[in-house]
Undergrad: 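Below are the structure tokens for one structure; questions will follow.
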Protein chains: 4
Amino acid sequence: MNSNAGTFLYPEFISMAHLSEPSFVERIRASFARQNAMHLIRATLPVVEEGRTEIHLPHWEGVEQQHGFVHGGVVGMIADSAAGYAAMTRVPAEASVLTVEFKMNLMAPADGEQLIARGAVVRSGRTLIVTRAEVFAVKGGKESLCALMQQTIMVMHGKGEK
Amino acid sequence: MNSNAGTFLYPEFISMAHLSEPSFVERIRASFARQNAMHLIRATLPVVEEGRTEIHLPHWEGVEQQHGFVHGGVVGMIADSAAGYAAMTRVPAEASVLTVEFKMNLMAPADGEQLIARGAVVRSGRTLIVTRAEVFAVKGGKESLCALMQQTIMVMHGKGEK
Amino acid sequence: MNSNAGTFLYPEFISMAHLSEPSFVERIRASFARQNAMHLIRATLPVVEEGRTEIHLPHWEGVEQQHGFVHGGVVGMIADSAAGYAAMTRVPAEASVLTVEFKMNLMAPADGEQLIARGAVVRSGRTLIVTRAEVFAVKGGKESLCALMQQTIMVMHGKGEK
Amino acid sequence: MNSNAGTFLYPEFISMAHLSEPSFVERIRASFARQNAMHLIRATLPVVEEGRTEIHLPHWEGVEQQHGFVHGGVVGMIADSAAGYAAMTRVPAEASVLTVEFKMNLMAPADGEQLIARGAVVRSGRTLIVTRAEVFAVKGGKESLCALMQQTIMVMHGKGEK
């Protein structure tokens, strides 16, 4: 879950890890840690890379709709956040991002043991960033696409997250 | 939670209430009761009328994003559900509805003691229903519009919710 | 095309007209006049008011799709422009507007002698303006709603249209 | 414009061409030929393949907006049509398709000698098909992405285009 997990064993490696790791990773992990709503639904953020992230969500009772699938709104939550954090990898430390709008097609029931939302930047400008996300349901180890999202993100310069 | 709560005192009124209450109200309340995700975020459905519903959400720690406002994805959840249930007031008992897609603009921080999502049907066809939702933040008794959604719902004939 | 057409007869009234008419009306009419694509489809802009505009389109052969209705893309053109000009009524003269994105539901065939697109501002901020548009088909004098649009507009400060 | 142009010289090849060419190509070309609005803007449909199409648009005066770029609504027209015809490659001859809704981000001015809209099917169900389109501006032989669209198409079974 945490890519720095092994660093406790190799203290001399910690600083190198921090030198080589892009500064956005730490900022984004800290931001995600402050999102209570992500913890409420038990989402995690195992992947943060230049221009893309992944949010994982286990299928559990609390996030279900009336048919026992994951609620479409919860699918929207992880898609919105995955794409928003993908955008955040492209902004300077002294800036933050916010979702202007998103549009999502729910194409199949979110039916599986786990959902994976993959967010990616399509085009980044100084003020606006356009992103996409795909959400996959993982069932018996097999991924199937269940939702597609297109999103607009605004960059708030000079307003970094504290 | 149940607007018929007082009818236990007036048994002769119960049947009249049920006669006069549209059948969709009971079906929609039963469906909402089965949506674990709505309970997880503590949403309620106090208004169900022909072509429109309201979902209310108290502002509490669990639904916050990193700045202490309600998470945009949670705003999307209640907007999606409010509009979806508005659509469900227009379909026969032996049919169910599902969200094909929705598009939402987040126009202001969801900042207040409570959020109110108002969903309404714009146009209902046999197979597709177009809806809208507005989400208001209530602060000190004053409502301000914080999100606007446009949604497409599909009617599944012959597949009523059990 | 120009609602001030009669003012040539009453020169003493011209200046009053210009004093009372909001300055955005002239800027918007000049901008519309430079949009070749609007003339290509024979669209006109008969209404420009604070926060709202109307674009009219006669039904003629050139804008039809394969079933003889007005092409959905043409419906999108007039909805996008009507809402964009509604946004332009809210920005200073030294600024221009551009469409960031729009989402449109086509709810019924655009079947009639004329289409009317009504654009309106939902919320205007300094940088972004959220708008809506409804498109009506007029048949035998009766309007019916055929499309619904939700749009995000960006304000370009310091870049007025020349 | 027509990839069969040479077949007049080789009549013995015509039938082979028709045997090997998927039947949807002919239907789609016939449908496009009936779209007056596509001819009005001078769009062509040079590519029709299983699950994807391309519409090309020369930059000419008639499709410009006030800054001399191609009008955003015209960009929407070719994106909508390219994706809609991509969907039509997946439906039987006795069915037709119509656009339920589309959402488009305009990410850069449509600035170039030509625009290319590439439509593709993301997921096709019996009743609904989800598609995407990307629009590129070609300038000095170099393509740059200027718009991104996500669309929902409905299949009308038993209602083929005549």
Side-chain angles (χ1 to χ4, degrees), chain A residues 27-28 30-43 55 60-82 84-85 88 96-109 117 147-154 156 159 161-162, chain B residues 27-28 30-43 55 60-82 84-85 88 96-109 117 147-154 156 159 161-162:
Chain A
R27 277 184 292 125
I28 287 172
S31 171
F32 189 84
R34 286 193 301 272
Q35 292 221 8
N36 296 348
M38 286 290 116
H39 306 310
L40 182 70
I41 60 172
R42 303 188 186 167
I55 290 182
W60 63 288
E61 222 180 59
V63 294
E64 291 178 350
Q65 33 85 296
Q66 68 273 31
H67 302 296
F69 301 125
V70 177
H71 194 282
V74 174
V75 176
M77 282 180 73
I78 61 174
D80 173 36
S81 292
Y85 281 125
M88 196 169 160
S96 56
V97 297
L98 57 83
T99 301
V100 170
E101 59 85 36
F102 65 92
K103 180 262 200 284
M104 132 157 305
N105 275 74
L106 298 164
M107 300 185 292
L148 185 69
M149 193 200 70
Q150 191 168 319
Q151 184 196 49
T152 309
I153 290 287
M154 189 171 187
M156 309 294 283
K159 296 190 182 170
E161 295 190 10
K162 78 252 90 175
Chain B
R27 278 184 291 125
I28 287 172
S31 171
F32 189 84
R34 286 192 301 272
Q35 292 221 10
N36 296 347
M38 286 292 115
H39 305 310
L40 182 70
I41 60 173
R42 303 188 187 168
I55 290 181
W60 64 288
E61 221 181 61
V63 294
E64 289 177 351
Q65 34 84 296
Q66 68 273 31
H67 302 295
F69 301 124
V70 177
H71 194 281
V74 174
V75 175
M77 281 180 74
I78 62 174
D80 173 35
S81 291
Y85 281 124
M88 196 168 160
S96 56
V97 297
L98 56 83
T99 300
V100 170
E101 59 84 38
F102 65 93
K103 180 262 199 286
M104 133 159 302
N105 276 74
L106 298 164
M107 301 184 292
L148 185 68
M149 192 200 70
Q150 190 167 319
Q151 183 196 49
T152 309
I153 290 286
M154 189 172 188
M156 309 295 282
K159 296 188 181 169
E161 295 190 9
K162 80 252 90 175

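If you're wondering where the values come from, they're calculated on a predicted model, not measured in any experiment. In what follows, every chain begins at residue 1, and chains take the letters A, B, ... in the order their sequences are listed.
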Undergrad: With a 4.5 Å heavy-atom cut-off, do Ser31(B) and Gln65(A) have their side chains touching?
TA: no
Undergrad: Tell me, please, which residues at least two apart from Tyr85(B) pass ring pair (Phe, Tyr, Trp, His ring centres under 6.0 Å).
TA: none
Undergrad: Just give me the residue among Gly73(B), Ala30(B), Gly76(B), Gly62(B) that pairs up with chain A most often, heavy atom to heavy atom, under 4.5 Å.
TA: Gly62(B)
Undergrad: Does any heavy atom of chain A fall under 4.5 Å from the side chain of Asp80(B), the backbone, both, or neither of them?
TA: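 The side chain, not the backbone.
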Undergrad: Under a 3.5 Å threshold, yes or no: a donor from one side chain and an acceptor from the other, between Gln35(A) and Gln66(B)?
TA: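 Yes, because at least one side-chain N or O of Gln35(A) sits under 3.5 Å from a partner of the opposite role on Gln66(B).
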Undergrad: Hey, does Leu98(A) have a side-chain heavy atom less than 4.5 Å from the side chain of His67(B)?
TA: no
Undergrad: Provide the full list of salt bridge (charged side-chain N to carboxylate O under 4.0 Å, His left out) pairs with a residue in residues 96-108 of chain B, sequence neighbours left out, each pair given once.
TA: Glu101(A)-Lys103(B), Lys103(A)-Glu101(B), Glu101(B)-Lys103(C), Lys103(B)-Glu101(C)
Undergrad: Heavy atoms only: give me the nearest Leu106(B)-Thr99(A) pair and the separation to one decimal.
TA: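 Looking at all heavy atoms of both residues, the shortest contact is CB-O, 3.7 Å.
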Undergrad: If I measure from the heavy atoms of chain B, does Thr152(A) come under 4.5 Å with its side chain, its backbone, both, or neither?
TA: neither
Undergrad: For Met107(A), which atoms come within 4.5 Å of any heavy atom of chain B: side chain, backbone, both, or neither?
TA: neither
Undergrad: Between Leu40(B), Asn105(B), Val75(B), which shows the greatest number of heavy-atom pairs under 4.5 Å with chain A?
TA: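 Of the candidates given, the most pairs with chain A belong to Leu40(B).
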Undergrad: So do Val63(A) and Asn36(B) actually touch side chain to side chain, heavy atoms under 4.5 Å?
TA: no
